[in-house]
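The model shown is predicted, which means the values in this text are computed figures rather than measured ones. Here is the naming used below: chain letters follow the sequence lines, and residue numbers restart at 1 for every chain.
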Amino acid sequence: MNILVSIKQVPDTTNIRINPETGTLVREGVPSIVNPYDVHALALASLLKRLYGAHITVITMGPPQAEEALKEAVEFGADRVILLSDRKFAGADTLATSYTLAEAIKYLAQEAPFDLFLFGKQAIDGDTAQVGPGVARRLGVPLITYAVKLEIIDQEKKEVIVHRKTASGVEVLKVTLPVLITCDKEIADPPFSPLPELIKAAQTKPEIFNAQRPIPYKREKLGLKGSPTRVHRVYTPQLKSAGDILFVSEIGVSEAVEKIIAVLKDRGIL
Amino acid sequence: MKPLVWVFVEQEEGKVHPVSWELLGKAGELAQELDGVAEALVLGHQVESVAREAISYGADKVYLIDDPVLQYYRNEPYAQGVINLCKKYKPEILLLGATPVGRDLAGSIATSLETGLTADVTGLEIDPKSKNLIMTRPAFGGNIMASIICPNHRPQMSTVRPRTFPLPTKDPSRQAEIIREELGLREEEIRVKRVDFIPKDKVVNLEYAEVIVAGGRGLGKAQGFSLLKELAQLLGGEVGASRAAVDAGWIDYEYQVGQTGKTVRPKVYLALGISGAIQHRVGMQNADFIIAVNTDPKAPIFRIADLGLVGDLYQILPPLIEAIKKERGHGKA
Amino acid sequence: MVRLNYDVIVVGGGPAGMAAAITCARAGLDTILLERGRFAGAKNLFGGVVYTASVLSLVPDLFSASRLPFERPVTEEGWWILSQDGVVKITHTNATLRESPPRAFTAFRAKFDAWLAKQAQKAGVLVVPKVRVIDLLIKDNFVCGVQTDRTASWDDHRPAQVKAPVVILAEGVNRILSIKAGLVPRDFSPKEVALSVKEVLQLPKGELESRFGLQKDTGLAVELLGEASLGLPGTGFLYTNTSCLSLGVGLFLIDYATHNIKPYALLEHLKRHPVLAPLLAEAETLEYGAHLIPEWGFFGLAKLCGNGVLAVGDAVGLVNPLFREGTNLAIYSGILAGKAAIYAHKKGNFGYHTLRLYEEALKDSYIYQDLRYFRKLKTFLQQNKSFFQTYPYLLNEVLHLYLTAQGRAKQEVFKEICQLIRKQRGVTGLLGDFVRAMKFLKGW
Ligand SMILES: Cc1cc2nc3c(=O)[nH]c(=O)nc-3n(C[C@H](O)[C@H](O)[C@H](O)COP(=O)(O)OP(=O)(O)OC[C@H]3O[C@@H](n4cnc5c(N)ncnc54)[C@H](O)[C@@H]3O)c2cc1C
Ligand SMILES: Cc1cc2nc3c(=O)[nH]c(=O)nc-3n(C[C@H](O)[C@H](O)[C@H](O)COP(=O)(O)OP(=O)(O)OC[C@H]3O[C@@H](n4cnc5c(N)ncnc54)[C@H](O)[C@@H]3O)c2cc1C
Ligand SMILES: Nc1ncnc2c1ncn2[C@@H]1O[C@H](COP(=O)(O)O)[C@@H](O)[C@H]1O
């Protein structure tokens, strides 16, 4: 099986604070992480490789530091890792991102076509969940989003069953490869990688693709230029003004309870 | 030709997700400012009643694709249907709900139409000068709001969070045209097949709950939620939670309110032992009335609470539950 | 295939380990460094002052780097001696301190260690994070490699081993492996280690500069005495970073137990101090952490090296808290150990008698002399409680009387001061303390 995983490096938001005054990120040396959902996509690729044998290619588009994300992919057993990095890629919205990624994937598929394209459900920095669907369209492969489980039912015929989470339950879908799947956390647990993979990861130097080589990208479709959306304005949200603040120690519990009951009645709930 | 403001109507077995009607209401307003019309797209099988419902919620016209292939939602045929309609009628704006279906669909459509798409929007307005749609969404966990425009590509697309806009009033007497379109796809051409569906035991409907009793880390333990559940049940509402409570494993993720959880708009939101971090506030600040109970008078939740009580939630909750039981008793008597 | 044999294995990616690894790699040794954190520095913590000289000794072209791994230069230093509600500040600055390059900087470990790791990679060290060394491989009485918490392969679930004729232990204060190697007889005792708690505090914009009188390229580093440690042997610290503040306090581990003090409560108490509270008003806590500091644990040490093994930095207790020295001693010891490893490879002999070069070099260095000189300070301070219990408060009271003595006969004021001193400590006590302190400083 030939698997492609697309991952993104994102700021570790659990460690991030916003400076309330400047609105800028406060990050005391906390480095970036692989987007958590993408980690599960990698975990699935890793699992499939161990179960059925697979070749795993991992790509990411980002600044030179994003090579750290690819090193992490190697820990999971990635065989080939590629960093799409060029100033011309910068400032891409999801349309330009899906273009850049899809072109790279098409180029890589010339060597051997991919059976499975794995993406994260969404990237936690932007929460858009648009890049996976966009790439599927550009590649012309079927799309399954919010996948929570994947089973290979027929290796010969390349038939798989994918469970997809919806608002009201779980859909069981059958599809013949190739397919593009965006993964939720349940899809596979990250393995505790063995030492040789970690050493390999530490030694890894990813291949770098830029805007000219090996793919002569169309400039006007890249980065900021290729992005139809523009940030119009950025501002700090206004807080709505607060009402009364009462100390229970002063008014007493029973009055506090009465206040709540009064609100509930006033709002037609009681 | 008048600019078209389109809303994709999301339905499952004929039942429409309320966000579609919320968007139709907003589409009407936007259309007015553009001197255009608000129109609905209905895709599905045997969903003519949905098309009529759309008219009663304000659609000036409905495009209906009724086809057995559209029996249940699948990306491929649904995307194809909407893309074809867009190519044919060239709408100015296309709005979808930021639901699993809307998000699945929107990215596919926008890519094929080579247009911009703004996700998870919480505000829409028309720029009076340029007539561009200004789409506002929280960024960096809601600490910052970003307004996005899509000046040179059409349609201007966004997925919009449920409960961002109010539900418009229904007018069953409204009349409007229903235009039937063909899908032009056969089942054999669709590559993904649904072989089974496992429904959830209980669908948590936080977004549409009238009362939410939400707990945070201040509960101190998982058992705290049983008190909250009791109160929520008494009030006919739902339980909600902060991420800290979800992360602690006290309650399921489905109950999380906030940036990475749900956006809610209840009549009353009780925040118990929740500090009110910005990421939580963006999910609940549109509640009609916020009651906060917190031991720390400096907790940011008090900055947005309509009624703030500085005190221990465990002191207030049991007598509150008793008092409500009494009230309910009176009501019956 | 991945190789599992190297010339040198370094365990731990703190300053000591990085220094050792860089030294070895630069001499052409095939060096692997194993670090348990997600990246070097991920979970490490220190107060935050690094002496430039030590970093220069490892990275001579430090100042040609485009981005330094530092926060602010330290241009004003000293002590704030706290009573319950007051402070006597003794700090020093002068023109030379503001000249560049500064002799000390404040820093964060997450950034500083990660930067050191980059330097190591440049030097050719194979830095492998996320690997914890769980045991040493010992053959014929020689350490010849390590065993890790990672498996050998996807199918072979036995612990993976890495081999090398020299293993350098730079594992920090939790020196499990150094004990296993037989270098140290036991773990640090609660009397030998201090537990420090630290918070990184973000002040509203511009407040850091205005409250602490800072400019863009100046920084303050003060030790907090007296009430900071509740009058117990210990110190607090307050260091200014680029846009935030590091505040911490530590006591000997044993004192937390004997006096039933919770580390966090200690820091909270400090934050609420009437002098500090206004300086910290509206501060938001960005980070919170706690870490042990070995205090003169050096002298519990049997050996600094053995057959095929060397230990450096905190693992062997190389800290001089009086002068905030830890990182620099870690770096120096790392360099010296690295040199010994190089020497051993040249000789092709990895026994104790070859590696002893490290022990000897260290004993000749100022590190050893300093640590020796101050080695009894710990005992001294633990035995002469008045230095923490009495004097800080007394000093505050005396100065208060002296400075607020307007409208009174000065003689009367001085009398009162003398009475106060007599009451609090007594003339003999005072003299005794003085004599003991002088004796101590002379090195007995
Ligand atoms: C990218 C990102 C996304 C996030 N998304 C979300 C999200 O969607 N939703 C969300 O909620 N959070 C989210 N967070 C986390 C958010 O920043 C906060 O950490 C979280 O909301 C805090 O939860 P809390 O208020 O329950 O806990 P805390 O902040 O710990 O507050 C607990 C409160 O309880 C009070 N308390 C304690 N005991 C009692 C008592 N007995 N009675 C009354 N009060 C008491 C305390 O004074 C305190 O104010 C996100 C964070 C990031 C970085
Ligand atoms: C609160 C506090 C304030 C301080 N302030 C200062 C100061 O202002 N200036 C100063 O110079 N010094 C200061 N120090 C001391 C200084 O931090 C240490 O002396 C110095 O970091 C020691 O370096 P090291 O490399 O020996 O150990 P560490 O920095 O502790 O590094 C040890 C490394 O080894 C890793 N490790 C441990 N065991 C294993 C294993 N089994 N397998 C793999 N990896 C392992 C750890 O993850 C860690 O990265 C302070 C210390 C503390 C706690
Ligand atoms: N710059 C990128 N490089 C590689 N993959 C990306 C990039 N951006 C997004 N993705 C992939 O698309 C998914 C969804 O991202 P998003 O649409 O930004 O929420 C991620 O989980 C990744 O798998």
Side-chain angles (χ1 to χ4, degrees), chain A residues 13 18 23 25 93-95 98 127-130 132-134 136-138 142-146 161 165-176 227-237 239-240 242-249 253-254 256-257 259-261 263-264 267-270, chain B residues 12 75-76 99-100 103-104 107-108 110-112 114-120 134 140-141 143-153 191-200 203 210-211 235 267-268 285 289 291 297 302-311 315-316 319-320 323-324 327:
Chain A
T13 43
I18 304 282
L25 296 180
D93 72 359
T94 53
L95 191 75
S98 68
D127 277 335
T128 74
Q130 287 167 194
R137 273 275 134 185
R138 292 182 186 277
L143 164 75
I144 298 176
T145 51
Y146 305 105
I161 292 276
K165 214 160 49 179
T166 75
S168 51
V170 173
E171 280 183 322
V172 182
L173 304 170
K174 195 167 131 190
V175 66
T176 306
S227 299
T229 56
R230 291 268 172 283
V231 175
H232 177 62
R233 196 163 78 91
V234 170
Y235 60 96
T236 330
L239 287 182
K240 71 172 211 182
D244 299 341
I245 297 182
L246 305 166
F247 285 76
V248 178
S249 54
V253 172
S254 54
V257 167
K259 291 254 177 215
I260 298 177
I261 301 258
V263 170
L264 294 172
R267 302 274 150 176
I269 287 157
L270 269 183
Chain B
E12 192 177 354
N75 178 272
E76 230 176 335
T99 60
R103 298 182 120 205
D104 182 276
S108 310
T111 311
S112 282
E114 298 261 347
T115 189
L117 167 60
T118 309
D120 237 357
I134 302 179
F140 292 130
N143 290 279
I144 293 175
M145 300 301 286
S147 299
I148 314 273
I149 51 171
C150 177
N152 305 316
H153 294 70
R191 292 170 288 183
V192 178
K193 311 279 177 203
R194 187 195 250 195
V195 291
D196 199 3
F197 184 77
I198 310 158
K200 246 191 261 181
V203 179
E210 300 229 304
V211 184
L235 299 174
K267 287 185 178 159
V268 176
Q285 62 199 5
F289 199 98
I291 303 175
F302 287 128
R303 283 189 248 150
I304 59 163
D306 299 285
L307 172 61
L309 295 167
V310 181
Q315 255 192 337
I316 292 180
L320 179 63
I324 291 170
E327 286 284 336

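When heavy atoms are compared at a cutoff of 4.5 Å, Tyr146(A) approaches chain B solely by way of its side chain, counted from C-beta outward. Only the side chain of Ile291(B) has a heavy atom closer than 4.5 Å to any heavy atom of chain A. Of the atoms belonging to Leu270(A), heavy atoms from both backbone and side chain fall under 4.5 Å from chain B. At a 4.5 Å heavy-atom cutoff, Ala136(A) makes no contact with chain B through either its backbone or its side chain. The contact between Val211(B) and chain A is made entirely by side chain atoms (from C-beta outward), counting heavy-atom distances below 4.5 Å. For a residue to count as touching a neighbouring chain, one of its non-hydrogen atoms must lie under 4.5 Å from one of that chain's; by this rule Ala110(B) touches chain A with the backbone only. Contacts between Ser98(A) and chain B at a heavy-atom distance below 4.5 Å involve the side chain alone, from C-beta outward. If you measure heavy-atom distances from Ile134(B) to chain A, the contacts under 4.5 Å come from the side chain alone. Looking at Val253(A), the atoms closer than 4.5 Å to chain B (heavy atoms on both sides) all sit in the side chain, from C-beta outward.
When every heavy atom of Ser168(A) is checked against every heavy atom of Glu12(B), the shortest pair comes out as OG-OE2, 2.9 Å. Residues Ala167(A) and Pro100(B) approach most closely at N-CG, 4.4 Å, considering heavy atoms. Counting all heavy atoms, side chain and backbone alike, Leu143(A) lies closest to Ser108(B) at CD2-OG, 3.7 Å. The nearest pair of heavy atoms linking Pro142(A) to Val192(B) is CB-CG2, 3.7 Å. Of all non-hydrogen atoms in Thr111(B) and Gly134(A), the two that sit nearest each other are OG1-CA, 3.0 Å. Here the closest non-hydrogen pair linking Thr115(B) and Pro228(A) is C-CG, 3.6 Å.
Atom CG of residue Leu173(A) and atom CZ of residue Phe197(B) lie 10.5 Å apart, to the nearest 0.5 angstrom. Distance CG/Asn152(B) to OG1/Thr229(A): 11.5 Å, rounded to 0.5 Å. Rounding to the nearest 0.5 Å places CG of Leu307(B) at 7.5 Å from NZ of Lys259(A). One finds the CD1 atom of Ile144(A) at 11.0 Å from the CZ atom of Arg191(B) (value rounded to the nearest 0.5 Å). In this structure, the separation between OG1 on Thr118(B) and CZ on Arg230(A) is 12.0 Å, given to the nearest 0.5 Å. Rounded to the nearest 0.5 angstrom, Lys193(B) NZ and Ile161(A) CD1 are separated by 13.0 Å.
For the set Gly308(B), Ala119(B), Gly116(B), Gly311(B), the count of heavy-atom pairs under 4.5 angstrom toward chain A peaks at Gly308(B).
Between Val310(B) and Leu246(A) there is no side-chain heavy-atom pair separated by less than 4.5 Å. Residues Val172(A) and Ile198(B) are in side-chain contact: their nearest non-hydrogen atoms beyond the backbone lie under 4.5 Å apart. Side-chain contact check for Ile260(A) versus Ile316(B): some heavy-atom pair is nearer than 4.5 Å. Contact annotation: the side chain of Ile324(B) approaches that of Ile261(A) to within less than 4.5 Å [non-hydrogen atoms, C-beta and beyond]. Between Leu117(B) and Leu95(A) there is no side-chain heavy-atom pair separated by less than 4.5 Å. Looking at Thr145(A) and Arg103(B), their side chains never come closer than 4.5 Å, going by heavy atoms from C-beta outward.
Between Arg138(A) and Glu114(B), at least one side-chain nitrogen of the basic residue sits less than 4.0 Å from a carboxylate oxygen of the acidic one, meeting the salt-bridge criterion.
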